[in-house]
*Asks:* 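Below you'll find the structure I mean.
Whatever order the structure lists them in is the order used to number ligands and atoms, beginning at 1.
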Amino acid sequence: MSMIADFYGGKSILITGATGFLGKVLMEKLFRTSPDLRVIYILVRPKAGQTLQQRVFQILNSKLFEKVKEVCPNVHEKIRAISADLNQNDFAISKEDMQELLSYTNIIFHCAATVRFDDHLRHAVQLNVTATQQLLLMASQMPNLEAFIHISTAFSNCNLKHIDEVIYPCPVEPKKIIDSMEWLDDAIIDEITPKLIGDRPNTYTYTKALGEMVVQQESGKLNIAIIRPSIVGATWQEPFPGWVDNINGPTGLIVAAGKGFLRSIRATPMAVADLIPADIVVNLTLAVGWYTAVHRPKSTLIYHCTSGSLNPCNWGKMGIQVLATFEKIPLERAFRRPKADFTTNNVTTQYWNAVSHRAPAIIYDFYLRLTGRKPRMTKLMNRLLRTLSMLEYFINRSWEWSTYNTEMLMSKLSPEDQRVFNFDVRQLNWLEYIENYVLGVKKYLLKEDMAGIPEAKQHLKRLRNIHYLFNTALFLIAWRLLIARSQVARNVWFFIVSFCYKFLSYFRASSTLKV
Ligand SMILES: CCCCCCCCCCCCCCCCCCCCCCCCCCCC(=O)SCCNC(=O)CCNC(=O)[C@H](O)C(C)(C)COP(=O)(O)OP(=O)(O)OC[C@H]1O[C@@H](n2cnc3c(N)ncnc32)[C@H](O)[C@@H]1OP(=O)(O)O
Ligand SMILES: NC(=O)C1=CN([C@@H]2O[C@H](COP(=O)(O)OP(=O)(O)OC[C@H]3O[C@@H](n4cnc5c(N)ncnc54)[C@H](OP(=O)(O)O)[C@@H]3O)[C@@H](O)[C@H]2O)C=CC1
């Protein structure tokens, strides 16, 4: 019997961010391995015209939850969606709901965050810092709380090269930042943002670091742990390989490469691609929840959930495998054939952006206009280039994260728990994982049917022929213009033509002699 699965039995668990990528995988695993848990409370905001119930219904009826329904048929009754907006005071939770949460919650998993790199500092502070502070305050009023698990990111200290499982203080106290966000206007915040974030690349990593400081400062008597995953990718094994449903991190670029939009990317092929599958993050999170509640470590422990130090892969290997998989299993209706390369400096990046990204988009938009349709490719390409520029920081550097606490925890698990809650990234085969990731992107994110592969291959052949035709036409036009303007080019052209003519005449003569 798994001690961890057993531990969650009968428990009331509160999850924030349960509608997000990681939150859904966490909920799925909890229901599948501990179907006898009491309830999972999820804080959900109504969104995009959907009610809470519709959002929950959509999640529970997705492919991800198929296995859960077999082991926990009454899963609908065990999930309790609470209307909440983490941007509001007291999260805008009703008094009755708040009372229920305070009375019953045993474990909190705090996953909610804004993960956008370009978020305004005020909004990022509100969600990643102030909301964390408020949740800790709520937690301190819960008499039955056994553990509070905070999900941070391994990149919260990406301004350092070597990162230990400790909290590094930021120069300005989080409380001062929270206060100042209340009275400073947007223009001043915009002005001071670069100074505040310092050598971090964006407001996301900065506010996640502030969030960790808040957790440390406000922990009081709570049993708290912090988990720092690196770049979370599709699932490795559970509930099935390759599950992913949003375009964050590498996923968006995999789509862009497969559809033929992404043709070059400024990346360092040998830099470590510190990806970590979502199911590994979830298994570690559940193991940490158990360990924190049962063993009550004296101080707040931080767990790095990273792959680089135990089983490194690099962006070069990843890129090659992504493209190799698209050779076998292409995406439908690609814009161009999946073919991309790494660039390493500013000049080549600008050149290939102009030639491989902007020019084809302009030509295609011209074609759309000619055929009476609305141009859209240039806009899409500009957005892709903006995304690339934001991700560049992370694909041109390597970091070293120590994993002492994570390895210590692994050694404390029984063999059964090590199997059921496997977070040993050393067992992961990267090539197999990346292939499944790409397949998962096709099946679960883009919802493309595998039966459409022959047609997709046919489409790529047509694109190849158009490419050859286009290049030949371009060459002939360029040559025609050149010989019209240059005597040297004309001489070369006459020399080639007369040489070919002589060569053919010689052949014809020798074949007539033989007869
Ligand atoms: C010698 C060898 C040769 C081989 C060469 C091979 C070449 C390789 C090609 C194959 C490619 C394979 C991939 C390899 C490289 C992968 C690199 C991956 C880098 C990942 C780095 C991540 C670092 C993460 C560090 C921190 C981790 C965390 O803690 S949190 C999670 C990370 N958070 C995010 O990822 C959020 C990032 N996103 C944003 O901040 C915003 O979306 C944005 C600012 C980027 C864009 O904002 P905007 O308002 O403009 O747009 P939005 O409304 O969000 O979306 C609009 C359109 O843009 C598209 N989009 C959005 N995000 C992405 C994305 N990540 N990738 C691609 N496209 C994206 C989106 O589809 C929208 O399109 P439309 O809907 O059509 O409008
Ligand atoms: N994905 C990654 O690569 C990594 C993620 N992390 C961390 O993991 C955690 C989960 O990330 P991930 O699942 O990828 O992120 P997602 O963006 O997929 O999910 C974010 C979640 O937060 C919720 N949320 C956002 N704003 C509010 C709000 N105002 N009120 C209530 N809920 C809100 C979202 O709800 P809604 O559905 O309503 O938008 C969603 O459920 C985050 O803390 C992130 O920092 C760490 C390292 C890497």
*Asks:* Over 60° means perpendicular and under 30° means parallel, so tell me whether Trp401 and Phe155 are parallel, tilted or perpendicular.
*Replies:* perpendicular

*Asks:* As an exercise, identify every atom of ligand 2 less than 4.0 angstrom from a heavy atom of Asn87.
*Replies:*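 Under 4.0 Å from Asn87, ligand 2 has these atoms: 29 (N).
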
*Asks:* Give the single entry among Thr251, Leu22, Ile227, Val115 that approaches atom 17 (O) of ligand 2 most closely by any heavy atom.
*Replies:*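 Looking at heavy atoms only, Val115 sits closest to atom 17 (O) of ligand 2.
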
*Asks:* Going by the order shown, which atoms of ligand 2 are within less than 4.0 Å of some heavy atom of Arg55?
*Replies:*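 What qualifies from ligand 2 is 36 (P), 37 (O), 38 (O).
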
*Asks:* Quick one: is the NZ or CZ of Lys63 closer than 6.0 Å to the six-membered ring centre of Phe240, and within 45° of its axis?
*Replies:* yes

*Asks:* Under 4.0 Å, heavy atoms only, figure out whether ligand 2 is touched by the backbone of Leu127, its side chain, both or neither.
*Replies:* side chain

*Asks:* State whether Tyr104 and Arg38 meet the cation-pi test: NZ (Lys) or CZ (Arg) under 6.0 Å from the six-membered ring centroid, and within 45° of the perpendicular axis.
*Replies:* yes

*Asks:* Number the atoms of ligand 2 from 1 as they appear, then name those within less than 4.0 Å of a heavy atom of Cys111, with their elements.
*Replies:*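 Heavy-atom distances to Cys111 below 4.0 Å select 9 (C), 10 (C), 42 (C), 43 (O).
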
*Asks:* Using a 4.0 Å cut-off to any heavy atom of Asn246, which atoms of ligand 2 qualify?
*Replies:*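 Ligand 2 atoms under the 4.0 Å threshold to Asn246: 18 (O).
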
*Asks:* Could you tell me whether Lys69 sits above the aromatic face of Phe31, with NZ or CZ closer than 6.0 angstrom to the six-membered ring centre and within 45 degrees of the axis?
*Replies:* no

*Asks:* Could you name the option among Ala113, Ser230, Ser152, Pro229 that has the heavy atom nearest to atom 7 (C) of ligand 2?
*Replies:*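 Shortest heavy-atom distance from atom 7 (C) of ligand 2: Ser152.
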
*Asks:* Does any N or O of ligand 2 fall below 3.5 Å from an N or O anywhere on Val232, backbone included?
*Replies:* yes

*Asks:* Which heavy atom of Pro201 sits nearest a heavy atom of Phe394, and at what distance?
*Replies:* CG-CZ, 3.9 Å

*Asks:* I'd like to know whether Asp190 forms a side chain to side chain donor-acceptor pair (under 3.5 Å) with His120, so could you lay out the CA-CA distance, the side-chain angles of the two residues, the decisive distance to 0.1 Å, and finally the verdict.
*Replies:* CA-CA 8 Å; Asp190 286 343; His120 193 264; 2.9 Å; yes

*Asks:* Filter on salt bridge (Lys or Arg N to Asp or Glu O under 4.0 Å), then keep only pairs touching residues 251-265, sequence neighbours left out; what's left?
*Replies:* Lys259-Glu448

*Asks:* Side chain of Asp279, backbone of Glu238: donor and acceptor closer than 3.5 Å?
*Replies:*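 Answer holds: yes.
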
*Asks:* If a pair satisfies salt bridge (Lys or Arg N to Asp or Glu O under 4.0 Å) and one of its residues is in residues 125-148, list it, with sequence neighbours excluded.
*Replies:*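 Listed once each, the pairs are Lys11-Glu146.
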
*Asks:* Is any N or O atom of Ala84, backbone or side chain, closer than 3.5 Å to an N or O atom of ligand 2?
*Replies:* no

*Asks:* What do we get for Phe155 next to ligand 2 when only non-hydrogen atoms under 4.0 Å count, side chain, backbone, both or neither?
*Replies:*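 Answer for Phe155: neither.
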
*Asks:* Any nitrogen or oxygen of Leu43, main chain or side chain, under 3.5 Å from a nitrogen or oxygen of ligand 2?
*Replies:* no

*Asks:* Can you list the ligand 2 atoms lying under 4.0 Å from a non-hydrogen atom of Ile151?
*Replies:* 7 (C), 8 (O), 9 (C), 43 (O)

*Asks:* Consider every N or O of Asp85 and every N or O of ligand 2, then say whether any pair is closer than 3.5 Å.
*Replies:*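 Min N/O separation from ligand 2 is below 3.5 Å for Asp85.
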
*Asks:* Considering only heavy atoms of Ala112, which atoms of ligand 2 have at least one such atom less than 4.0 Å away?
*Replies:* 22 (O), 23 (C)

*Asks:* Below 4.0 angstrom, N of the basic side chain to O of the carboxylate: do Arg80 and Asp97 qualify?
*Replies:* yes

*Asks:* Closer than 4.0 Å to some heavy atom of Thr153 - which atoms of ligand 2 meet that?
*Replies:* 46 (C), 47 (C)

*Asks:* So His110 and His150, would you call those rings parallel, tilted or perpendicular, with 30° and 60° as cut-offs?
*Replies:*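 Geometry flag for His150 against His110: tilted rings.
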
*Asks:* Could you list the atoms of ligand 2 found under 4.0 angstrom from a heavy atom of Lys208?
*Replies:*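 Taking each heavy atom of Lys208 in turn, ligand 2 has 42 (C), 43 (O), 44 (C), 45 (O) under 4.0 Å.
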
*Asks:* Short N/O distance, under 3.5 Å, between Gly23 and ligand 2?
*Replies:* no

*Asks:* As a check for students: among Gly17, Gly249, Gly20, identify the option with a heavy atom nearest to atom 19 (O) of ligand 2.
*Replies:* Gly20

